[in-house]
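I have placed the structure first, in the form of structure tokens, so that the comments after it can refer back to it.
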Amino acid sequence: MKKILVIPGDGIGLEVVPAAVEVIEALGLKIEFIDANAGDGVKKKTGDALPIEVLEMVEDSDAILFGAAGESAADVILPLRREIDSFVNVRPAKAYPGVNALQPNTDLVILRENSEGVYTGIESRVSEEMATLTRVITKTASSRLAEYACEYVKDQGLDKFTIAHKDNVMRITDGLFRKTVESVASGNGVKTESAIMDALAMLMVMYPEKYQVIVCPNLAGDVLSDLAAGLVGGLGLLPSSNIGPNCALFEPVHGTAPDIAGKGVANPIATILSTCMMLEYIGYGEEAARVRLISEQTLSEGKTTPDLGGKENTRGVAAEIISKL
Ligand code: NAI
Ligand code: MG
């Protein structure tokens with residue numbers, strides 16, 4: 001029996017996570033879902049966005065399924081990623097047939113460093129007029145990311161990845177990042193292509209088909225993956241995983257979408273595809289492939305939520321996928 005800790009969070013997290021859980025339940029697998037929560041709603045009730053009891057439940061879990069947290073997102077997702085010692089955030093962006101994507105040739109994956117960079121929280125208010133932030137890059141974190149990237153490209157039958165960085169300006173930090181990643185890749189027989197991150201943003205918009213796997217520092221990965229979402233039809237489609245040595249957390253890339261929360265129309269596909277990544281991780285690869293195929297079929301038939309131009313609601317999309325399963 002695999003134990004999945006389910007944390008829907010706030011806003012549309014409370015809508016898309018139950019829809020995705022319903023889809024998995026329809027497969028009848030040996031999975032036990034353990035309900036918990038965190039985020040703004042929990043903070044209002046308990047004073048703490050991520051109660052210690054929830055954090056303690058992580059140790060007993062094989063994986064975590066998370067929705068999104070609102071204003072307290074950084075107090076929820078960053079400690080959860082830290083708790084599982086996540087060193088990579090995997091964010092695939094693919095344009096699906098039938099979806100009106102800006103760039104229909106997009107099929108790429110962003111492998112984002114997940115523990116340091118500018119997301120260390122080491123900020124200080126020096127004076128009324130000045131604030132600073134410390135950017136941390138370590139050889140250890142860069143190596144772990146690069147090792148994962150090498151395995152990842154080999155699994156995909158590829159032999160190369162792109163390194164996004166800005167070592168022409170951040171010479172010491174991104175210099176260390178780039179050199180470390182290049183050296184691990186070369187030790188593993190994997191080729192790399194170096195790309196300055198701002199220029200890469202433009203090239204991804206113009207020629208997304210040139211990129212398959214992009215390896216980047218934390219903030220660059222955050223920004224470039226939302227950009228990639230824009231190429232394929234929006235945030236309602238982007239799943240992600242946060243991998244650690246003994247546990248992993250799966251979540252849609254999107255946030256709580258306050259503009260549509262409570263209306264029942266959020267696109268559940270990003271979360272359903274995140275659960276596919278989760279199924280693969282816990283050893284249900286065939287089932288993951290089936291759910292993915294059926295989700296793609298549902299998209300191509302236009303049975304989608306309004307963000308993709310369809311008339312379905314969240315539950316309707318999940319019900320359609322379940323009926324096809
Ligand atoms: P957002 O991702 O929530 O929304 C951006 C836009 O995309 C909105 O127009 C929204 O309606 C649309 N959108 C997102 N997901 C969608 C879906 N599944 N179906 C249809 N449309 C969808 O980002 P935003 O507005 O910047 O942030 C809102 C809140 O979410 C903030 O409080 C932020 O802190 C939080 N957030 C939390 C994250 C997390 O918990 N991992 C990640 C990003 C934001
Ligand atoms: Mg983001």
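Just so you know, ligand 1 is whichever comes first in the structure, and atom 1 is the first atom listed for that ligand. Predicted model, so just to flag it, every value in this text is computed and none were measured. Hydrogens, waters and symmetry mates play no part in the numbers below; they use all other heavy atoms, side chains included.
Contacts between Pro268 and ligand 1, counted as non-hydrogen atom pairs separated by less than 4.0 Å, are absent for every part of the residue. Within the 4.0 Å heavy-atom criterion, the part of Asp307 lying near ligand 1 is the side chain and not the backbone. Of all the heavy atoms of Glu71, the ones lying under 4.0 Å from any atom of ligand 1 belong exclusively to the backbone. Both the backbone and the side chain of Asn267 come within contact range of ligand 1, each with a heavy atom under 4.0 Å. Under 4.0 Å from ligand 1, not a single heavy atom of Val76 appears.
Atom NZ of Lys139 sits in a sparse spot, with 12 or fewer heavy atoms from other residues, nucleotides or ligands closer than 6.0 Å. Counting non-hydrogen atoms of other residues, nucleotides and ligands closer than 6.0 Å to CD of Glu193 gives a total above 12. For NZ of Lys179, the number of neighbouring non-hydrogen atoms (other residues, nucleotides, ligands) closer than 6.0 Å is 12 at most. Asn100 CG: 12 or fewer foreign heavy atoms inside a 6.0 Å radius.
Counting only protein N, O or S atoms, 1 lie closer than 2.8 Å to the Mg ion (ligand 2).
Residue Gly70 places a heavy atom under 4.0 Å from ligand 1. Between Ile260 and ligand 1 there is a heavy-atom distance shorter than 4.0 Å. Using a non-hydrogen distance threshold of 4.0 Å, Val16 does not register as a contact of ligand 1.
In terms of protein heavy-atom proximity, atom 11 (O) of ligand 1 is closest to Asp259 OD1, 2.8 Å. Taking atom 41 (N) of ligand 1 as the reference point, the nearest protein heavy-atom neighbour is Glu251 OE1, 3.5 Å. Protein heavy atom closest to atom 7 (O) of ligand 1, with residue, atom name and distance, is Leu235 CD1, 4.0 Å. What sits closest to atom 38 (C) of ligand 1 on the protein, heavy atoms only, is Gly255 CA, 3.7 Å. For atom 25 (O) of ligand 1, the closest non-hydrogen atom of the protein is Pro258 CD, 4.3 Å.
Salt bridge annotation for Lys43-Glu71: absent, with no cationic side-chain nitrogen under 4.0 angstrom from a carboxylate oxygen. Taking a cutoff of 4.0 Å between a charged side-chain nitrogen and a carboxylate oxygen, Glu286 and Arg290 do not qualify as a salt bridge. Looking at Lys191 and Asp159, a side-chain N of the basic residue comes within less than 4.0 Å of a carboxylate O on the acidic one, giving a salt bridge. Salt-bridge annotation for Asp10 and Lys44: absent, with no side-chain N of the basic residue lying under 4.0 Å from a carboxylate O of the acidic one.
Here the shortest heavy-atom pairing between Leu231 and Ala101 reads O-CB, 3.5 Å. Looking at every heavy atom in both residues, Asn89 comes nearest to Arg81 through OD1-NH2, 4.1 Å.
Less than 4.0 angstrom separates atom 15 (N) of ligand 1 from at least one non-hydrogen atom of the protein. Counting protein heavy atoms under 4.0 angstrom from atom 28 (C) of ligand 1 gives one or more.
Inclusion of Gly236 in the set of residues having an N or O under 3.5 Å from an N or O of ligand 1 is not warranted.
Nearest-residue assignment for atom 37 (C) of ligand 1 (options Ala69, Pro252, Ala68, Ala229; heavy-atom criterion): Ala69.
Residues Thr46 and Asp48 bring no donor and acceptor atom of their side chains to less than 3.5 Å of each other. Side-chain contact of Glu312 with Thr304: a donor-acceptor pair under 3.5 Å is absent, judged by distance alone.
Under the 4.5 Å side-chain criterion, counting only non-hydrogen atoms from C-beta, Met204 is in contact with Leu200.
Within the 6.0 Å centre-distance limit, the rings of Phe250 and Tyr281 are counted as a close aromatic pair.
Atoms of ligand 1 found under 4.0 Å from any heavy atom of Phe66 (numbered from 1 in listed order, with element): 40 (O).
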